[in-house]
Amino acid sequence: MASERYNPRESEPRWQAFWDKNRCFEATAEADKPKYYVLEMFPYPSGRIHMGHVRNYTMGDVIARFRRASGYNVLHPMGWDAFGMPAENAAIERGVHPASWTYDNIATMRGQLKSMGLSLDWSREVATCDPSYYRHEQAMFIDFMNAGLVERKVSQVNWDPVDHTVLANEQVIDGRGWRSGAVVEKRELAQWFLKITAFSDDLLKALDGLDRWPEKVRLMQKNWIGRSEGMRFTFELEDAHGKKLDDGLTVFTTRHDTIFGASFCAISADHPLARHLAEHDEDLQAFRREVAALGTSEETIEKAEKKGYPLGLYARHPFHKDVKLPVYAANFVLMGYGEGAIFGCPAHDQRDLDFARKYHLPVIPVVAPRGADPKTFTIGNEAYVEKDGEDTVLINSGFLDGLSVPEAKEKVAHRFEVEGIGTRKVNHRLRDWGVSRQRYWGCPIPVVHCEACGVVPVKKEDLPVKLPEDVKFDKPGNPLDHHPSWKHTSCPACGKPARRETDTFDTFIDSSWYFARFCSPQAAEPVTAEAARYWMPVDQYIGGVEHAILHLLYSRFFMRAMHKTGHIHLDEPFASLFTQGMVVHETFRTEAGDWVLPAEAVQKDGQWFHARTHEPLLVGGIEKMSKSKKNVVDPETIIAAYGADTARWFMLSDTPPERDIEWTEAGVEGAWRFTQKLWRLVTDVADLPRSAAVAAADGLELRRTAHRAIAAITDDLTNLRFNRAIAQLYALSNAVGAALASKEKSAALCAALREATEFLVLGFAPMMPHLAEEAWALLGHGTAVVNTPWPTPLAELVARDDVTIAVQVNGKRRDEITVAKGLKQAELEPLVLALEGVKRSLEGKAIAKIIVVPDRIVNIVCKG
RNA sequence: GCGGGCGUGGCGGAACGGUAGACGCAACGGACUUAAAAUCCGUUUUCCGAAAGGAAGUGAGGGUUCGAGUCCCUCCGCCUGCACCA
């Protein structure tokens with residue numbers, strides 16, 4: 001029958017209101033039900049949602065709806081990562097208050113997310129900029145202080161002398177501030193640090209237990225933590241006249257086996273020794289400035305030549321007391337790692353070799369391939385860095401000669417320890433987490449500086465330390481610092497006048513525990529033990545791989561710190577992690593080079609033109625959607641034109657979720673046509689006569705198809721293979737369409753059609769929830785799909801009783817045969833040999849053997 | 001430089017070591033229509049062939065196997081993470 005088109009514009013808001021009114025997605029802990037906590041990384045309220053959000057939240061929503069239907073008690077919350085620089089920039093540029101800018105954006109984006117039909121528990125919504133959220137952050141910080149997890153220390157920062165602010169490394173471009181363009185200075189500032197390094201080894205070891213995290217992410221974290229085992233030991237130092245200095249030079253190495261190959265020592269330009277000597281050495285001062293100037297841009301660092309400055313000091317070789325190693329300050333030694341000092345072994349380290357060649361230092365090979373002649377083995381322009389296995393051996397190394405690298409390391413380590421000049425030492429690349437920011441729009445750090453008492457934490461009963469609302473952004477620097485009264489307070493310890501800390505927290509702190517807060521968002525403590533025990537950990541976390549290191553590592557650290565201070569019972573917040581790909585799109589630009597929005601590009605005869613100016617456009621690469629390249633498609637426009645279901649369906653189709661998906665108009669059109677096709681199928685099936693005769697033979701094949709499809713979809717959704725689940729749904733809809741087309745429809749076929757269609761509707765409900773509700777009602781159900789359990793396929797319909805087996809001759813497919821399942825080789829052989837295709841290709845050949853893989857394949861191997 | 005991943009039709013992509021190309025998009029042919037859209041039916045890896053059928057085919061080369069897109073080795077290309085980490 002002719003049916004009306006499905007109209008998402010009318011239907012979608014109606015069902016959203018229905019779910020809202022019936023509080024379908026509000027979660028309450030129920031002890032007798034298995035819980036499932038699904039979470040997508042919460043958004044920054046930048047203003048409007050983008051396609052990346054649509055993809056992320058659609059995936060999470062499919063999981064949430066599928067799990068809910070499958071009998072889980074699902075928690076699926078949403079909130080806002082609401083502190084940060086863009087709000088302050090808006091205040092500076094447009095005079096809006098950061099709070100109103102942020103809350104306006106939240107209101108807009110909340111509305112946009114609601115129009116997507118997400119099954120979110122909005123009653124748990126949190127915004128990190130709300131004092132009811134950040135007060136707990138402040139309380140926990142004080143607990144962390146008491147637990148020894150907080151440190152205040154002087155560290156080097158990038159200082160923008162125009163904006164009067166500290167810049168993150170990412171904000172320094174070619175040595176200049178990204179906003180002001182001023183040449184960035186290095187400054188030393190007292191900053192707050194969270195001692196993430198206290199958990200270095202634990203954070204590293206526990207990665208092995210995260211077996212439902214992508215291998216890639218675990219590896220990135222492993223490299224970031226960067227554990228290396230080595231030795232710290234001290235050289236005796238003397239000056240050019242042979243006079244011994246009071247202090248020695250302590251270095252870190254992982255290659256103590258190569259100690260006999262040492263030909264110099266090098267220290268960082270920032271090493272205390274270099275600083276000390278520079279006080280009376282202008283050339284050294286100049287060298288230090290040169291190194292510091294180089295220190296900002298990665299590219300120049302990469303290309304920089306190895307350079308050193310001889311300090312006029314010499315280090316005594318620990319085992320060859322007559323050997324004196326010259327000591328340099330060098331541009332390739334980092335103060336931030338190890339001891340900021342090394343010994344150079346040019347033969348076995350490329351940097352040391354480059355340095356040695358430049359300054360004509362000896363290159364002494366001490367490791368060589370086993371069997372090489374120590375007298376003739378030499379090093380050219382490449383260091384010999386082999387160190388593993390039994391194929392390398394120590395040479396020119398006194399008491400180490402003939403040993404393997406690990407044996408030599410052990411022997412040197414032992415000797416250093418016995419002689420008291422060195423100890424074994426594990427070093428990590430991971431640095432403590434600097435959390436101070438000289439900004440307004442962040443969580444105030446809850447401490448007070450008192451002249452008498454020093455640094456004193458604010459009393460817990462005085463929390464939260466709220467941001468002042470009356471702030472001005474009229475001059476550069478931190479508005480909290482400029483505020484006339486806010487920072488003036490009294491000391492919590494002695495009561496005398498004191499100064500508030502005006503730094504605020506890095507916003508990564510806000511996002512390091514929000515998932516725990518969602519368990520009990522209104523609680524008087526950060527998270528209640530009861531709620532955490534029921535809901536945590538997050539069963540499925542979904543987000544972009546760009547957060548693979550910082551956010552996920554900080555969150556893992558924060559759980560441990562919260563555990564240590566009694567706020568939570570576990571260390572690992574995310575049991576399973578999924579990192580989805582980006583949304584990409586073609587780029588267009590005019591011949592003049594200006595980027596053009598896809599909405600303004602029209603295609604004619606295979607050429608692209610500007611819709612208004614009609615000038616021809618150049619089609620550029622397919623790249624991540626970004627405002628700068630204008631290759632963005634606004635989700636709101638798409639939802640208005642096609643509905644949320646179509647957008648959701650497209651996001652999940654075809655491309656595997658972990659890969660980048662290309663947004664195309666044709667793809668959206670295809671998804672739109674499919675929603676209409678589904679609607680037609682459902683209206684046609686709804687008109688069929690009802691029958692209870694489901695088991696009869698007429699409909700059997702369709703029933704099998706439907707039950708198998710649901711079994712496959714269940715499997716695919718469980719494993720987040722959305723694109724495959726969607727392929728199954730297409731196939732099932734094709735089967736329903738084909739059955740509908742048959743002229744004679746028995747009662748049994750009608751019943752099978754109805755069953756298959758209901759499976760289809762329930763099957764696509766997680767992806768297209770509005771259409772599913774509408775279809776479900778049309779099929780005559782008085783209850784909503786959200787309250788309908790996921791269909792259970794019948795095992796006897798999923799199982800196959802016959803099977804199609806491919807028949808190969810010498811590994812090439814020649815024929816196929818459909819037989820009863822479970823046939824043995826002896827029963828199968830005569831059937832197979834009688835096949836036409838097999839006989840043809842066996843002509844004149846002798847059978848050597850027949851390989852039978854039951855129910856799968858037969859391979860006839862023959863000669864001649 | 002070091003590490004990780006990926007190379008399959010015109011495109012997105014399917015394939016427990018067992019019939020390569022499921023499903024979708026696009027294209028082409030046909031039906032319906034005054035016409036278009038929508039819809040429906042069909043074709044679509046390449047080569048030979050009217051067809052039946054045959055040959056080749058998963059970046060290149062080699063290997064293991066009755067059988068390799070899948071496992072191993074060498075190479076090429078692309079993507080990605082870290083990057084002077086001692």
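Below, chain A is the first sequence line, B the second, and so on; all start at residue 1. These values consider heavy atoms only, across backbone and side chains, with no hydrogens, waters or symmetry-generated copies.
No salt bridge links A:R424 with A:E229; every basic N to acidic carboxylate O contact stays at or beyond 4.0 Å. Between A:D208 and A:R218 there is no salt bridge, since no side-chain nitrogen of the basic residue lies less than 4.0 Å from a carboxylate oxygen of the acidic one.
Taking a pair to require two hydrogen-bonding distances under 3.5 Å in either a Watson-Crick or a G-U wobble arrangement, B:A51 remains unpaired. Using N1 to N3 plus N6-O4 or O6-N4 for Watson-Crick, or N1-O2 and O6-N3 for G-U wobble, each under 3.5 Å, B:A27 pairs with B:U43. In this entry B:A14 has no Watson-Crick or G-U wobble partner, no candidate having both defining distances under 3.5 Å. Pairing for B:C2 is with B:G81, a Watson-Crick or G-U wobble pair whose two hydrogen-bonding atom distances lie under 3.5 Å.
Straight-line distance from the CG atom of A:D354 to the C1' atom of B:A86: 14 Å, rounded to whole Å. A:N223 has its CG atom 18 Å from the P atom of B:U80, to the nearest Å. Here B:G24 presents its P atom at 17 Å from CD1 of A:I661, a figure rounded to the nearest Å. Atom NZ in A:K425 sits roughly 14 Å away from atom C1' in B:C85 (whole-Å rounding). Following rounding to the nearest Å, A:M220 (CE) and B:G81 (P) show an atom-to-atom distance of 7 Å. Rounded to a whole Å, the CD atom of A:Q728 is 10 Å from the P atom of B:C23. One interatomic measurement links the two molecules: CZ of A:R218 to C1' of B:C82, which rounds to 18 Å at whole-angstrom precision. At whole-Å resolution of the value, CG in A:D654 and P in B:A26 are 11 Å apart.
Taking only side-chain atoms of A:Y337, from C-beta outward, the nucleotide of B:C23, B:A86, B:G18 with the closest atom is B:A86. Among the nucleotides B:U19, B:C84, B:G13, the one closest to any side-chain atom of A:E816 is B:U19. Which of B:G12, B:C85, B:U19 sits closest to the side chain of A:T804 comes down to B:U19. Candidate nucleotides B:G54, B:A22, B:A14 were compared by shortest atom distance to the side chain of A:N723, and B:A14 ranks first. The A:K812 side chain lies nearest to B:A56 when the options are B:A56, B:A86, B:C66. Of the candidate nucleotides B:C40, B:C84, B:C85, B:C84 has the atom nearest to the side chain of A:K306. Listed candidates were B:G13, B:C23, B:A86. Nearest to the side chain of A:T655 is B:G13. Residue A:R840 places its side chain closer to B:G54 than to any other of B:G54, B:A38, B:C84.
Residue A:N734 places at least one side-chain N or O closer than 4.0 Å to OP1 or OP2 of B:G24. In terms of phosphate contacts, A:R429 brings a side-chain nitrogen or oxygen within less than 4.0 Å of OP1 or OP2 of B:A83. Regarding contacts with the backbone of B:G13, a side-chain N or O of A:R659 is found under 4.0 angstrom from either OP1 or OP2. Under 4.0 angstrom from either OP1 or OP2 of B:C85 there lies at least one side-chain N or O belonging to A:R351. Between B:A22 and A:R721, no contact under 4.0 Å exists linking OP1 or OP2 to a side-chain N or O. Phosphate proximity of B:G24 to A:Y730: absent, as no side-chain N or O sits under 4.0 Å from OP1 or OP2.
By the rule that a glycosidic angle within 90° of 0 means syn, B:G59 does not qualify and counts as anti.
Residues A:R255 and A:V853 each lie close to RNA chain B; by heavy-atom proximity, the contact nearer the 5' end of the strand is made by A:V853. Both A:P656 and A:R813 lie near RNA chain B, and the one whose nearest nucleotide falls closer to the 5' end is A:P656.
For the P atom pair drawn from B:G57 and B:G63, the interatomic distance equals 14 Å after rounding to whole Å. Separating the C1' atom of B:G77 from that of B:U8 is a span of 16 Å, rounded to the nearest Å. For B:A26 and B:G17, the P atoms lie 33 Å apart once the distance is rounded to whole Å. B:A37 and B:U46: their P atoms are spaced 27 Å apart (whole Å). Taking atom P on both B:C48 and B:G42, the two are 27 Å apart, rounded to the nearest angstrom. One C1' atom belongs to B:G69, the other to B:C16, and the distance between them is 15 Å to the nearest Å. Rounded to the nearest Å, the gap between the P atom of B:G29 and that of B:A36 is 13 Å. When the P atom is used for both B:G61 and B:U70, the distance is 13 Å, rounded to whole Å.
Across all strands, A:V333 comes closer than 4.0 Å to base atoms (heavy-atom distances). As judged by a 4.0 angstrom heavy-atom cut-off over every strand, A:N427 is placed among residues making no nucleic acid contact. Using a 4.0 Å heavy-atom distance criterion, A:R814 is classed as a sugar-phosphate-only contact. Here A:S653 lies out of heavy-atom contact (under 4.0 Å) with every strand. Looking at heavy-atom distances under 4.0 Å, A:D349 makes no contact with the nucleic acid at all. Backbone-only engagement by A:L219 is indicated by non-hydrogen atom pairs under 4.0 Å involving sugar-phosphate atoms exclusively.
The side-chain tip of A:R5 does not point at the ring of A:W679 from less than 6.0 angstrom away and within 45° of straight on.
A side-chain donor from one of A:R556 and A:Q221 sits under 3.5 Å from a side-chain acceptor of the other. Judged by distance alone, the side chains of A:N631 and A:T587 never bring a donor and an acceptor atom under 3.5 Å apart.
With hydrogens and angles disregarded, a donor-acceptor distance shorter than 3.5 Å links the side chain of A:D660 to the backbone of A:M582. No side-chain donor-acceptor contact under 3.5 Å links A:R227 to the backbone of A:H428.
A ring-ring contact (aromatic ring centres under 6.0 Å, His included) with A:W649 is found for exactly one of A:F674, A:W672, A:Y642, namely A:F674.
Counting heavy atoms of neighbouring residues, nucleotides and ligands inside a 6.0 Å radius, atom CZ of A:R9 does not exceed 12 of them.
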